[in-house]
Protein chains: 2
Amino acid sequence: MISRPPRPRERGIPEATVARLPVYLRALQALEDRGTLTVSSEALASAAGVNSAKLRKDLSHLGSYGTRGVGYEVEYLVYQISRELGLTQDWSVAIVGIGNLGRALANYGGFGTRGFRIASLLDADSGVVGQSVAGLRVGHIDSLEEAVRDNGVSIGVIATPAGSAQHVANRFVEVGVASILNFAPVVLDVPDGVDVRKVDLSIELQILAFHAQRRADGDGRAPADRTGLELT
Amino acid sequence: MISRPPRPRERGIPEATVARLPVYLRALQALEDRGTLTVSSEALASAAGVNSAKLRKDLSHLGSYGTRGVGYEVEYLVYQISRELGLTQDWSVAIVGIGNLGRALANYGGFGTRGFRIASLLDADSGVVGQSVAGLRVGHIDSLEEAVRDNGVSIGVIATPAGSAQHVANRFVEVGVASILNFAPVVLDVPDGVDVRKVDLSIELQILAFHAQRRADGDGRAPADRTGLELT
DNA sequence: CCCACTTTGTGCGTGGTTTCACAAGCACGT
DNA sequence: ACGTGCTTGTGAAACCACGCACAAAGTGGG
C-alpha cells in the first residue's frame, strides 16, 4: 500500500469553493513564509476569515489531504491548491487601457506572485503608446491580435473607459482569448464559452452605502465597538 | 467567539439582490440618458445581463413599482433604487495609500457619479504627502482621525500594501468608520458591526485561471479522457 | 363595455451552499 | 498494546437563490 493517486479529485468543484481557494492559498503562503509546517482547519479558517467546517468541506473537494489529529501539511496543501487553480503553469496576461487603473494593474507586483505574467500593455491614445510602464513598452491597440499571438496571451484585462470595453472584448474573443477580467462599468456581451469576471469599484461602494444606511436608520443595534453614536 | 446568528436581516432585501441593484441602476441611468421613459423587465434584464424573472423578483423586494402591461418608469425606478441604496444622501470617502492604485481610485470619475465624494487622501510616505492628486492635497496618515472627523468620512478605502492594511483598518474603526473597502490582499479582522468589502485583483485572476485550465483539460469532451485506475 | 394582448408579481420545485454534529482515524504516552 | 486526546471528513438539516410558469392586473382597440 503505497501510491498517492496522482489525480484523486473528480471534476466538479463548486463555484463557491473555487472562489475561496485563492484566499486559502494566500493564508497558507503567509504561514509558509513564517516557517509553519502544519496547520489545523480551525487555525487556517480563522486566518482566511471563514468557518472551519466550510474550509474542511472545501478542501475535501480536492482530496483527502489532511491528517486526523494533526491538520494539514502547509507546503503540500499549497502545492495542491496551486495545481487545482492552474497556477503551476504560466498564464500570459494582456492589459488594454493604460490609464490610471491600467498603470496600477501593470505595476501591481502581487499579480506575478505566481503563475501570471503581464505580457502586453495596449492603449488607443497615441500619447500613451510608446511610453514605458512597469518595464514594458505600451503598444497600440491595433496590434492586439499580434500581441496576443506572439505572447500566447490567454487572459485579457480590460481597463478602458466604458465606451470601448465591448469593442476590446470582441477583439479578444476573436483572437481566442476566452478569459476576460473587466474593470469597465459595463455588462459585456460575449459568446458562450468565454469567461468574463467583472470588478466594479463603484458597485462595491454602493453596496457599502446600502449597509451603512441600514445601520444608520432605525436599526436598534449599534456597532459593537463604538458607543452607538453615528453622525451623517 | 462571536455568537450572533440571529440577525441575517431585519426587514430586508436579500444580499444577492443588493449586489445586483447597482447593476440595474447603471443600466437604468444609461436608458435615462438615451431618453427612454419606460422599460420592460425583459429589456432591462437583458441590459443588466440577468434573467428577467430574477430582475422582477429583485425589484419586488423594493415594492411594486411596475405597471402590468407596460413596464417600469425609468426615472421613478432610478429614484427608488438610489434611495434604497442610500445614494440620495452624500457619503464622504477617505482613501489611504496613494500609490498607483490609490491614485487610480482618486481619479476614477465614476465614483462621484452620485452620492460619493472623495474627501481625503492619506499616505505614510513623506514623498507623497503634500502632492496634489485629483485636485486634493495628500495628507499624512497621522492626521487620519482629524481628516475623518473634519470631513464626516463614513467610508474608508484601503489601498495600502498588505502590511499596513490591518493597522489602517484599526484606526478607521476607532474613529467610527464602519464601512471599509479593502484592496490590500489580506483578510481584515474587525469587530462586529463593521462592514468590510474586499476587492482582490489577483484572486479574480486565479479564478479565471481555474476555469481556463478546466477548459483546456477536457477541451472537446469531458468524459473518459483519462479515467485510469484510482485507489485510495 | 368587453375582449385580446402585454407584462408584472409570485408560488413552487429544484439545486447549490452553509452549518452542525459526530464517527472515523491518527499520534502519542504509558 | 491500548487508551486518551485531538482533528479531519462527511452525513444530514437548514437556508438561500434561481428560474419556470402562470394568475393577476393593467392597456388599448373595436
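In what follows, chains carry the letters A, B, and so on, assigned in the order in which the sequence lines appear, proteins first and then strands, with residues in each chain numbered from 1.
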Before you tell me yes or no, could you show the steps for B:Gln166 and B:Asn170 under side chain to side chain donor-acceptor pair (under 3.5 Å), namely the whole-Å CA-CA distance, both residues' side-chain angles and the distance that decides it to 0.1 Å? CA-CA 6 Å; B:Gln166 181 64 58; B:Asn170 293 345; 2.8 Å; yes
Within the structure shown, what part of the strands sits under 4.0 Å from B:Ala53 by heavy-atom distance: base, sugar-phosphate, or nothing?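 It contacts base atoms.
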Candidates C:dT17, C:dA24, D:dA17 - which lies nearest the side chain of B:Glu15: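 In terms of side-chain proximity for B:Glu15, the closest of C:dT17, C:dA24, D:dA17 is D:dA17.
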Out of D:dT8, C:dC26, D:dA17, which has the shortest distance to the side chain of B:Ala16?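 Looking only at side-chain atoms, B:Ala16 lies closest to D:dA17.
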Is A:Asp90 paired with A:Arg117 through a side-chain N to carboxylate O contact shorter than 4.0 Å?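 Between A:Asp90 and A:Arg117 there is no salt bridge, as every charged N stays at least 4.0 Å from the carboxylate O atoms.
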I would like to know whether B:Ser41 and B:Arg56 meet side chain to side chain donor-acceptor pair (under 3.5 Å); could you show each step before the answer? CA-CA 6 Å; B:Ser41 65; B:Arg56 287 197 299 276; 2.9 Å; yes
Would the A:Tyr72 and A:Tyr65 ring centres measure less than 6.0 Å apart?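 So the answer is no for these two rings.
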N or O in side chain of [X] less than 4.0 angstrom from [N] OP1/OP2:
X       : N      : result
A:Tyr65 : D:dT7  : no
A:Ser41 : D:dT8  : yes
B:Ser64 : C:dG9  : yes
A:Lys57 : D:dT10 : no
A:Asn51 : C:dT17 : no
B:Tyr72 : D:dG26 : no

Interatomic distance, [X] [atom1] vs [N] [atom2] [rounded to whole Å]:
X       : N      : atom1 : atom2 : answer
B:Lys54 : C:dG16 : NZ    : P     : 14 Å
B:Asp58 : D:dG19 : CG    : P     : 10 Å
A:His61 : D:dG9  : NE2   : C1'   : 11 Å
A:Glu42 : D:dT8  : CD    : P     : 8 Å
B:Leu62 : C:dG9  : CG    : P     : 10 Å
B:Leu44 : C:dT6  : CG    : P     : 20 Å
A:Leu55 : C:dC20 : CG    : P     : 14 Å

Report yes if the side chains of A:Leu144 and A:Phe172 come closer than 4.5 Å at any heavy-atom pair, otherwise no.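 With C-beta onward as the side chain, the pair touches.
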Let's test your reading of the model: under 3.5 Å, does the base of D:dT8 pair with the side chain of A:Arg68 as donor and acceptor?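 Under the 3.5 Å cut-off, the side chain and the base do form a donor-acceptor pair.
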Whichever of A:Arg20 and A:Arg56 has its nearest DNA chain C nucleotide further upstream toward 5':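 Upstream on the strand: A:Arg20.
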